[in-house]
Amino acid sequence: MKKKAIITGIMGQDGAYLAKFLLKKNYDVYGTYRRNSNLDINRLKKLNIYNKIKLLDLEITEFASVNHTIKRILPDEIYNLAAMSFVGSSFNQPIYTLNTNTIGVLNFLETLKSTKKNISFYQASTSEMFGNFTNNAIDENTPFDPASPYGISKVTSHFLVKLYRKAFNLNCCSGILFNHESPLRGEEFVTKKIVKQLCEILKKKRNVIKIGNVYSKRDWGYAPEYVEAMWKMLQLKKKNDFVIGTGKTYTIKYFINETCRYLKIPIKWKGKGLNEYCLNKKNNKKIIVIDKKYYRPLDVYSLKSKPSRAKKILKWSYRTNLKGLIKQMCDSELKELNVKIK
Ligand code: NAP
């Protein structure tokens, strides 16, 4: 019999890639979305899977909605990817963030506690839970020190998943995923913003990019490889939490430099602090300026993973490095905008 999986947040970056991955593995894939007058089915269409998914209208902050849906479908696996996922916005919407990212998870755990079928549950934890605790490589034993309402909401749900696994024997686990990007990344996220807006400059649709702290360091991987790790975690008989990342970290400035190199835009950085900017050497015009508006009330300066548990137990390692990721994102954007590198 075909396995059934429910993915919450199917319209998001990871939801779309995971759906494609599970369909290939011959799963019946159910995807939940929150009701909206204008559904964003773009990602599912881009991956050519829109017609292969059974869509379910589910609001994760409503216990009745979660409870009813799970007990009706009785899936084998649930991947809870739905979240208010943008750190910056979580400072302006902390209550909404905690409601979605924490109460939402609790609604699933409470439902599973009273469901007879032994359903495997995956929770989308994040490197943002570690905040500024350390500049060293982070593994599953590194203490949490979240630096945003987003990080706090995810730490709380992380501990809830652990608690329900230990106290009620639920078949649940969390993947602590470091940043992962792709052509399908949301436009507010810095990698997509840089790639898209630099391509718009090439197309002469934009003059300048406004950006926040370019010295933050992140461990960036390629999203389709990360959804594979989620699936591997749920196939383990004895569930555990795993750090997933590349083990490498780069500044946002390095990401910009490498993207410009790929797009053949010759650049030069000048100035310091809020007055720092990046010139296009071809025409001496500013193409990137620092804008305080994009700074966070509290920033996370550096995140680097140590995914040795994943390597050993899941046999998972990243395959696409940062240059490969930039190439994928640029090629897709250039195609979308119908622009060529000169
Ligand atoms: P994403 O593209 O922002 O997708 C999140 C999805 O959640 C969206 O489809 C969104 O629906 C849905 N959602 C938000 N609030 C909801 C609600 N109240 N009820 C139902 N659905 C709701 O995020 P992603 O990059 O795919 O990330 C997937 C998960 O992994 C998230 O939980 C994120 O926090 C976590 N994570 C991501 C990364 C990363 O680098 N990408 C790293 C670590 C952890 P709409 O389409 O309607 O907005």
Side-chain angles (χ1 to χ4, degrees), residues 6-21 31-44 46-47 53 55-63 65-66 69 78-90 93 95-105 107-108 122-130 138 146 148-158 161 174-192 218-227 229-230 233 241-246 300 303 305 307 318 325 329:
I6 290 186
I7 303 172
T8 71
I10 190 116
M11 310 278 177
Q13 169 189 260
D14 290 6
Y17 282 122
L18 178 63
K20 183 164 180 154
F21 177 82
T32 82
Y33 64 95
R34 53 177 159 175
R35 205 212 71 79
N36 190 316
S37 56
N38 194 9
L39 274 189
D40 181 6
I41 53 172
N42 250 333
R43 293 183 174 102
L44 301 179
K46 276 190 182 152
L47 296 184
I53 288 158
L55 287 178
L56 304 165
D57 174 357
L58 178 145
E59 174 50 61
I60 62 170
T61 58
E62 284 276 346
F63 176 73
S65 172
V66 173
T69 308
I78 300 172
Y79 296 85
N80 183 37
L81 309 183
M84 204 309 285
S85 64
F86 189 53
V87 175
S89 301
S90 77
Q93 303 167 11
I95 297 168
Y96 172 71
T97 303
L98 266 95
N99 249 330
T100 307
N101 298 3
T102 309
I103 301 301
V105 178
N107 285 335
F108 278 99
Y122 172 89
Q123 166 57 15
S125 286
T126 163
S127 51
E128 290 290 332
M129 301 191 305
F130 300 103
I138 289 167
S148 62
Y150 172 75
I152 290 170
S153 71
K154 290 284 189 173
V155 168
T156 312
S157 41
H158 184 88
V161 169
S174 301
I176 308 171
L177 271 52
F178 281 59
N179 285 61
H180 44 283
E181 320 293 313
S182 74
L184 299 187
R185 188 64 148 142
E187 290 184 9
E188 68 275 42
F189 292 92
V190 72
T191 52
K192 175 76 172 185
R218 291 291 181 273
D219 178 335
W220 284 297
Y222 182 45
E225 293 165 10
Y226 285 50
V227 302
M230 296 176 188
M233 276 179 233
D241 304 326
F242 288 88
V243 157
I244 301 293
T246 68
V300 174
L303 291 171
S305 65
Y318 81 100
L325 172 66
M329 293 179 76

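For ligands, and for the atoms within them, numbers begin at 1 and follow the listed sequence. All heavy atoms count here, side chains included; hydrogens, waters and symmetry mates do not.
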**Study point:** Backbone of Gly221 reached by a side-chain donor or acceptor of Thr246 within 3.5 Å
**Key:** no
Exercise for review: Please could you name the atoms of ligand 1 that Thr100 approaches to less than 4.0 Å, counting only its heavy atoms?
Suggested key: 15 (N), 16 (C), 17 (C), 18 (N)
Practice item. Could you tell me whether ligand 1 has any atom less than 4.0 Å away from a heavy atom of Tyr96? Key: yes
Check your understanding: For ligand 1, which atoms sit closer than 4.0 Å to a heavy atom of Ala124?
Key -> 29 (C), 30 (O), 32 (O), 35 (C)
Check your understanding: Would you say Phe86 contacts ligand 1, with heavy atoms under 4.0 Å as the rule?
Key -> no
Exercise for review: Would you check whether Leu81 reaches within less than 4.0 Å of ligand 1, judged by its heavy atoms?
Suggested key: yes
**Study point:** Heavy-atom donor-acceptor pair, Ser305 side chain to Ile138 backbone, under 3.5 Å
**Key:** no
Review point. Given Glu62, Arg218, Glu59, which one has a non-hydrogen atom that is nearest to atom 18 (N) of ligand 1?
Key: Glu59
Point to revise | Numbered atoms and elements of ligand 1 in range of Asn179, under 4.0 angstrom, heavy atoms | key: 40 (O)
**Study point:** Ile60 CD1 to Tyr33 OH distance, which is reported to the nearest 0.5 Å
**Key:** 15.0 Å
**Study point:** Nearest-0.5 Å distance, CG of residue Leu39 to CG of residue Asp57
**Key:** 8.5 Å
**Study point:** Any donor-acceptor N/O pair, Arg43 side chain to Leu184 backbone, under 3.5 Å
**Key:** yes
**Study point:** Student check: side-chain heavy atoms of Asp14 and Tyr226 closer than 4.5 Å
**Key:** no
Check your understanding: With atoms numbered from 1 as shown, which atoms in ligand 1 lie under 4.0 angstrom from a non-hydrogen atom of Ser125?
Key -> 43 (C), 44 (C)
Point to revise | Check: Asp219 side chain, Leu303 main-chain N or O, donor-acceptor pair, under 3.5 Å | key: no
Exercise for review: Under 4.0 Å from a heavy atom of Tyr150: give me the atoms of ligand 1 that qualify, with their elements.
Suggested key: 33 (C), 34 (O), 35 (C), 36 (N), 44 (C)
Revision key, fill the gap. Here the atoms of ligand 1 under 4.0 Å from any heavy atom belonging to Gly9 are 6 (C), 7 (O), 9 (O)
Exercise for review: Using a strict cut-off of 4.0 Å, indicate which atoms of ligand 1 neighbour a heavy atom of Thr126.
Suggested key: 43 (C), 44 (C)
Review point. Within less than 4.0 angstrom of ligand 1, does Ser127 place any heavy atom?
Key: no
Point to revise | Pairwise distance CZ(Arg34) to OG1(Thr100) - rounded to 0.5 angstrom | key: 7.0 Å
Exercise for review: Please work out whether any backbone atom (N, CA, C, O) or any side-chain heavy atom from C-beta onward of Glu128 is under 4.0 Å from ligand 1, and answer side chain, backbone, both or neither.
Suggested key: neither
Study note, to complete from the structure: Check: of Gly12, Ala82, Ala83, Gly31, min heavy-atom distance to atom 14 (C) of ligand 1 comes from Ala83
**Study point:** Backbone N/O of Gln123 and side chain of Asn80: donor-acceptor pair under 3.5 Å
**Key:** no
Check your understanding: Does Asn36 have a heavy atom less than 4.0 Å from any atom of ligand 1?
Key -> no
